[in-house]
Number of protein chains: 2
Amino acid sequence: MKTPAISLEALLVLDAIETRGSYAAAAEQLNKVPSALSYIVQKLEEQLNVTLFQRQGRRAVLTPAGKHLLSEGRKVLSAINTLSEQTQTIANGWEPKIRLACDSIMDIKTIFNGIEGFLAAHHSIEIDVQEQVMNGTWEALIDDRVDLVIGAPAPVPNQKGIRAIKIAQLNSVLVVNKAHELSLITQPIKLEQLSGYRNVVVHDSAQHQIPWSVNMIAGSQHFFVSSIAIKTAAIIAGIGIGYLPKNLIQDHIESGELIVIKLAEERPPQDLFMAWKITNKGKGLNKLITILSRC
Amino acid sequence: MKTPAISLEALLVLDAIETRGSYAAAAEQLNKVPSALSYIVQKLEEQLNVTLFQRQGRRAVLTPAGKHLLSEGRKVLSAINTLSEQTQTIANGWEPKIRLACDSIMDIKTIFNGIEGFLAAHHSIEIDVQEQVMNGTWEALIDDRVDLVIGAPAPVPNQKGIRAIKIAQLNSVLVVNKAHELSLITQPIKLEQLSGYRNVVVHDSAQHQIPWSVNMIAGSQHFFVSSIAIKTAAIIAGIGIGYLPKNLIQDHIESGELIVIKLAEERPPQDLFMAWKITNKGKGLNKLITILSRC
DNA sequence: CTTAATTGTTCAAATTATTTGAACATAACA
DNA sequence: TGTTATGTTCAAATAATTTGAACAATTAAG
C-alpha cells in the first residue's frame with residue numbers, strides 16, 4: 001500500500017477553514033500562520049490532483065469534491081480521536097466496549113439509570129445492550145457474545161467460571177384482557193380451569209440449547225411472541241392469557257386494560273440474576289457490576 | 001480539537017511491522033531503514049502514552065492496546081484510501097480505480113483483451129481484478145466490493161439498482177479423466193448412473209448468502225474446490241467427475257486428457273451476465289462496459 | 001558450544017518538510 | 001477612492017524525519 005495522499009493534518013486544516021470561513025481565522029484557531037495553511041492545502045490538492053477550493057475572490061468555497069472529502073474526513077477524524085481514547089483506555093485495563101444482555105422481563109429503566117451513571121464517569125467506553133429472552137441470556141454469556149447478563153432467570157447454569165448474583169425477585173400474576181370471560185369469575189381459579197384458553201408465551205431466544213419456557217400452562221394452545229413488551233400487547237389485544245411481572249404492568253392494571261386473575265395457588269416468585277464470567281477481569285465491567293448491584 | 005496523537009504514517013508502520021513480523025522486513029516494505037520505524041513507533045507510544053509493543057527479546061508482540069489500535073487503525077487506513085479515490089472520482093468524473101469480479105468460469109483472455117484496450121486509452125486508471133465464484137460475484141457487487149462483475153451466473157438478483165446484460169452462453173459438458181471407467185461406456189449415460197461417482201464441485205465464494213451450487217449431481221460424494229482451474233486439474237488427476245465449460249477445456253479434450261461423456265439428456269446452456277450498479281456513474285466504468293460488451 | 005548472521009536501538013549528522021514573516025496583489029468595505 | 005483585511009509567494013529559519021554507523025542482544029548455523 002502506497003503512502004496515503006490524505007493526511008489527518010490536512011483534514012484538520014480543511015475543517016478549520018470551512019468552519020471559520022477564512023484562512024486567517026482558521027490559522028488563528030490552529031496556532032499557525034495563514035501561509036502555512038496555504039502550503040498544506042496546496043500540498044493536499046497536488047497529492048490528490050484535485051481542486052478542493054474554488055477561489056472566489058479571496059473567499060474560498062469548497063468544490064463538490066472538497067465537500068465530500070471534508071464531510072467524510074470529519075468522520076475519519078472523529079474515528080481517530082475515539083480510537084486514541086480507546087487505546088489509552090485499554091492500556092489502563094479498561095475495556096473499550098461492554099456488551100450487556102438484558103432479559104426483556106427486566107425493568108430496563110432502572111438498569112439504564114445505573115448505566116447512565118457509569119457512562120458519565122467513563123466517556124470512552126461503549127455500551128452495547130441487546131435484549132434476550134430466558135436461556136438466550138445465559139447462552140450469550142457462555143458463548144462470550146456478551147460480558148454481562150442482567151435479569152437472567154433461575155436456574156443458574158452449573159458451568160464453572162460463571163458468577164451470578166440475585167438482583168430481583170419477580171412476582172408474576174396471571175392477567176387477561178378486560179373483556180375476557182375469565183375476568184368475570186370472582187372466586188379463585190384453579191390451574192385446571194385454564195387449560196382451555198390460549199396462552200401467550202415468550203419464545204426463548206436461545207439459539208443452540210433446547211429452549212424451554214417457564215410459566216407455560218399445560219394442555220392449552222400457545223401463541224408465541226419474542227419479548228415481554230409484545231406479550232403484554234398481545235394480552236391487551238385479547239389474543240390470550242399469560243403471566244406477567246406485576247411491576248411492569250402496574251399502569252395497565254390501574255387503567256383497567258388488564259385484569260389480574262386470582263389463582264387458587266399463587267405462583268412462587270422467580271429469582272432473577274445478574275451474571276458474568278470470572279475470567280473477565282475488565283475494570284469497566286467490575287465497576288459497572290458494583291454500580292448495578294446497588295440498584 | 002487538538003492535533004491527533006495518531007498519524008496515518010504511524011498506523012501504516014504498525015501494520016507493516018505486524019504483518020511482516022519484524023522491523024527489518026517492515027522497513028524494507030516501506031522503503032525505510034529500521035531506525036526510522038523505531039523512531040515512529042516510539043513517537044506514537046509517547047504521544048498516546050501507551051505501550052504498544054511488548055519487546056520479547058527482539059521480537060515485538062502487540063499488547064492488547066496495540067492490537068486494538070491496529071485492528072481499528074486498519075479500518076481507518078482503508079477508509080482514507082476509499083475517500084481519496086472517491087474524491088478524485090467526483091473531481092474529474094473518472095475514477096482512479098475500477099474493481100472487477102470475474103467468475104472463474106469465464107474465459108479471462110477475452111476480458112483481458114478488452115481491458116488492455118481500455119488501459120491503453122486510460123493510462124492512469126487502475127484495474128483490480130478479483131476472482132469470485134457464482135454467488136460470490138453478485139455478493140461482491142451488492143456489497144460494493146467491486147464496481148463490475150463479469151460472468152455472473154443466472155439468476156440476476158432482483159435487487160433494484162443492478163443493471164445486467166447477457167454476455168455469454170455457456171455449454172457445459174460432463175468430463176472424466178481418460179482412465180476413468182465411465183469413459184469406456186459408449187452409449188449415452190443417464191443421470192442416475194452418475195450417482196456413484198465422486199463429483200468435483202466449485203465451492204461458492206459467497207460469504208453471507210446461503211451458497212448454492214448448480215450442476216451438482218444428486219446423491220454422490222462431493223469434492224469441493226475453489227476455482228474452475230483447480231476443478232479442471234482435479235478431474236484430470238482422476239479425483240472425480242464434473243461439468244466444465246466446453247470452450248475452456250478444448251485443449252484437454254483434444255490432447256485426450258479429458259473425455260467427454262455423452263449424456264442421455266444434455267444440460268441446458270447457462271447464461272452468464274455482466275452487471276454493475278446504476279448508481280455508479282464513473283466515466284471509466286461506463287467506457288469499460290461499452291468496450292467489453294463488444295467482445 | 002562457539003561462531004556467524006540478524007535484529008532493534010541509539011545517537012549525531014544529513015536531509016526533508018514545515019513554518020515563518022515580509023512583500024505583494026487583490027478583494028471587501030465604508 | 002482610500003483603507004483594511006485577506007490569501008499567496010518566496011527565501012530564510014526552524015522543526016521533523018531519515019540515515020548510517022556503532023552497539024548490544026538474540027537467533028541460527030556449524
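The chains referred to below are lettered A, B, ... by the order of the sequence lines, with proteins before strands, and numbering in each begins at 1. What's counted below: heavy atoms across the whole structure, side chains too, no hydrogens, waters or symmetry copies.
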To the side chain of [X], which of [options] is closest?
| X | options | answer |
| --- | --- | --- |
| A:Ser38 | C:dT18, D:dT18, D:dT8 | D:dT8 |
| B:Tyr39 | C:dT10, D:dT6, D:dT18 | D:dT18 |
| B:Val33 | C:dT7, D:dT19, D:dG7 | D:dT19 |

Spacing of [X] atom [atom1] relative to [N] atom [atom2], expressed in whole Å:
| X | N | atom1 | atom2 | result |
| --- | --- | --- | --- | --- |
| A:Lys43 | C:dT19 | NZ | C1' | 13 Å |
| B:Glu46 | D:dA16 | CD | P | 11 Å |
| B:Ile17 | C:dT9 | CD1 | C1' | 13 Å |
| A:Lys32 | C:dT20 | NZ | C1' | 12 Å |
| A:Gln47 | C:dA17 | CD | P | 10 Å |
| A:Gln42 | D:dT9 | CD | C1' | 9 Å |
| A:Glu28 | D:dA5 | CD | P | 13 Å |
| B:Glu9 | D:dA16 | CD | C1' | 12 Å |

Q: Answer with yes or no whether the side chains of A:Thr51 and A:Thr63 bring together a donor and an acceptor at under 3.5 Å.
A: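 Looking only at side-chain atoms, A:Thr51 and A:Thr63 do not form any donor-acceptor pair under 3.5 Å.
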**Q.** Pair B:Glu9-B:Ser7, side-chain donor/acceptor within less than 3.5 Å
**A.** no
Q: Find the distance between OG1 (A:Thr87) and NZ (B:Lys67) and round it off to the nearest 0.5 Å.
A: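 NZ of B:Lys67 is found 13.5 Å from OG1 of A:Thr87.
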(Q) Taking any heavy-atom pair under 4.0 Å as a contact, classify A:Leu37: base, sugar-phosphate, or nothing. (A) nothing
(Q) Using a heavy-atom cut-off of 4.0 Å across all strands, would you classify A:Ala36 as base, sugar-phosphate, or nothing? (A)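 Base: the residue A:Ala36, judged by heavy atoms under 4.0 Å, touches a nucleobase.
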Considering just the side-chain nitrogens and oxygens of [X], establish if one lies under 4.0 Å of OP1 or OP2 belonging to [N].
| X | N | value |
| --- | --- | --- |
| B:Arg59 | C:dG8 | no |
| A:Arg55 | D:dT8 | yes |
| A:Tyr23 | D:dG7 | no |

Q. Is the CD atom of B:Glu116 crowded by more than 12 outside heavy atoms at less than 6.0 Å?
A.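 Counting other residues, nucleotides and ligands, CD of B:Glu116 stays at 12 neighbours or fewer.
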Q. Looking only at N and O atoms, is any donor in the side chain of A:Ser35 or the base of C:dG21 less than 3.5 Å from an acceptor on the other one?
A. yes
Q: Please confirm whether the backbone N or O of B:Leu100 pairs with a side-chain atom of B:Gln130, one donor and one acceptor, at under 3.5 Å?
A: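 No, because the side chain of B:Gln130 does not come within donor-acceptor range (under 3.5 Å) of the backbone of B:Leu100.
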